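A quick write-up on the structure given underneath.
Bear in mind that the values here come from a model prediction, so they are computed numbers and not experimental data. Lettering of chains follows the sequences in order, A, B, ..., and the numbering in each one begins at 1.
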Protein chains: 2
Amino acid sequence: MVEYNDTLNQTFKALSDPTRRAMLESLRTGPKTIGALAEPLAISFAATSKHIGILEDAALIRREKRGRERICHLQRGQLDEAQAWLDRHAAFWSGALDALETALKEEDERDE
Amino acid sequence: MVEYNDTLNQTFKALSDPTRRAMLESLRTGPKTIGALAEPLAISFAATSKHIGILEDAALIRREKRGRERICHLQRGQLDEAQAWLDRHAAFWSGALDALETALKEEDERDE
DNA sequence: TTGATATTCAACTTTTTGGTTGAATAAAAT
DNA sequence: ATTTTATTCAACCAAAAAGTTGAATATCAA
């Protein structure tokens, strides 16, 4: 496999499942327990817990221990890396050297 | 499964494989044949061809028949849907009602 | 025409993913 | 103290994904 950038890959993998995206969408309205997340999804608690684990590994959520419940909160994780990838790719159509391209190139020179 | 928006899902799935992302990245520098795409990836022609098929189904590339070669060109596909999802999600952190949020809400009212 | 090249197809294997169930753990409620 | 509730763990299963090889197809070059 290719695997040059592991955290970007983890982010894209985490986002590639519709159930997980639905969970993230649901959390946009506020923190929720595993149970509350599982309820509208017609899958077991265990399956939900696994999905949450994947999102947590990708730092897209944080699990807070609260008594016997776990409260899930959104977290940025490396969302911006995924956004940057898409923006850079989309820049292909808006001309090779527009504002975004130059901005991203400058970023590269600073960060890498 | 959840599966509320199939084209968004297809796009995210297509983008979730590092080999396919590498192919898309490679095509940013210009159109390439299957062979040229396969070469740096250490996978067979057949595997490359399959990946290309997935990207083509997601309309992220177009395959042009040129004699015995197939030339792959980038295509926008539903890239903007994926971008919109990420932007909307990222908007969670930049405050509930900033410019992007309102823009997206207006878009919803028009399109859906 | 013959042979080489580029790609795809078909059949198959391996690995990964998403799901299940039932037992284990831990906290809350009775 | 016992029971109920919330979640996780472990073992397992089925389907999907990613890869392989070898034959088929089509085009180009000798």
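Listed by first and then second residue, the side-chain hydrogen bond (donor to acceptor under 3.5 Å, both in side chains) pairs that reach into residues 39-55 of chain B are B/R20-B/H51, sequence neighbours excluded.
With rounding to whole Å, B/E69 atom CD is found 5 Å from C/dT7 atom P. Atom C1' of nucleotide C/dG18 and atom CG of A/L55 are separated by 13 Å, given to the nearest angstrom. For the pair A/K65 NZ and D/dT8 P, the interatomic distance rounds to 10 Å; values are reported in whole Å. The distance from atom CG of A/D17 to atom P of D/dA17 is 11 Å, rounded to the nearest whole Å. Straight-line distance from the CG atom of A/L15 to the P atom of C/dG18: 12 Å, rounded to whole Å. Between the CZ atom of A/R66 and the C1' atom of C/dA27 there is a distance of 14 Å, rounded to whole Å. Per the geometry, CG belonging to B/D57 stands 13 Å off P belonging to C/dT8, to the nearest Å. Separating the CZ atom of B/R70 from the C1' atom of D/dT27 is a distance of 10 Å, rounded to the nearest angstrom.
For A/R63, whose side chain is taken as the heavy atoms from C-beta onward, the closest listed nucleotide among D/dT8, C/dG19, D/dG19 is D/dT8. Closest to the A/K13 side chain, of the nucleotides C/dA6, D/dT20, C/dT17, is C/dT17. For B/I34, counting side-chain heavy atoms from C-beta on, the closest listed nucleotide (D/dC9, D/dG19, C/dT7) is C/dT7. The nucleotide whose nearest atom lies closest to any side-chain atom of A/I54 is, among D/dA18, C/dG19, C/dG18, C/dG18. Ranking C/dT21, D/dG19, D/dA18 by closeness to the A/S44 side chain, first place goes to C/dT21. Comparing atom distances between the B/R20 side chain and each of D/dA18, D/dT8, D/dA29 picks out D/dA18 as nearest. Counting only heavy atoms from C-beta on, A/F45 has its side chain closest to D/dT7 among C/dA6, D/dT7, D/dA18. Residue A/R68 has its side chain nearest to C/dA28 when only C/dG19, C/dT7, C/dA28 are considered.
Within the structure, every side-chain polar atom (N or O) of B/S49 is placed at least 4.0 Å from both OP1 and OP2 of C/dT7. Side-chain nitrogen and oxygen atoms of A/H51 include none within less than 4.0 Å of the OP1 or OP2 phosphate oxygen of C/dT17.
At the heavy-atom level, A/T48 lies nowhere under 4.0 Å from the strands shown.
Judged by distance alone, the side chains of A/Q83 and B/D87 do bring a donor and an acceptor atom under 3.5 Å apart.
Contact annotation: the side chain of A/H73 never approaches that of A/R63 to less than 4.5 Å [non-hydrogen atoms, C-beta and beyond].
Every stem involving DNA chain C, taken as at least 3 paired positions in a row under the Watson-Crick or G-U wobble test at 3.5 Å, is listed here: C:1-30 with D:1-30.
At distances below 3.5 Å, not a single donor-acceptor pair connects side-chain atoms of A/K32 with backbone N or O atoms of A/C72. A donor-acceptor contact shorter than 3.5 Å links the side chain of A/T11 to the backbone of A/T7. Panel note: side chain B/Q75, backbone B/A59; a donor-acceptor pair is recorded below 3.5 Å.
Expressed to the nearest 0.5 Å, how far CG of B/L55 lies from CZ of B/R62 amounts to 14.0 Å.
Taking the nucleotide of DNA chain C with the nearest heavy atom to each of A/K50 and A/G67, the more 5' of the two is matched to A/K50.
A cation-pi arrangement is found for B/R28 relative to A/W85, the charged atom lying closer than 6.0 Å to the ring centre and inside a 45° cone about the ring normal.
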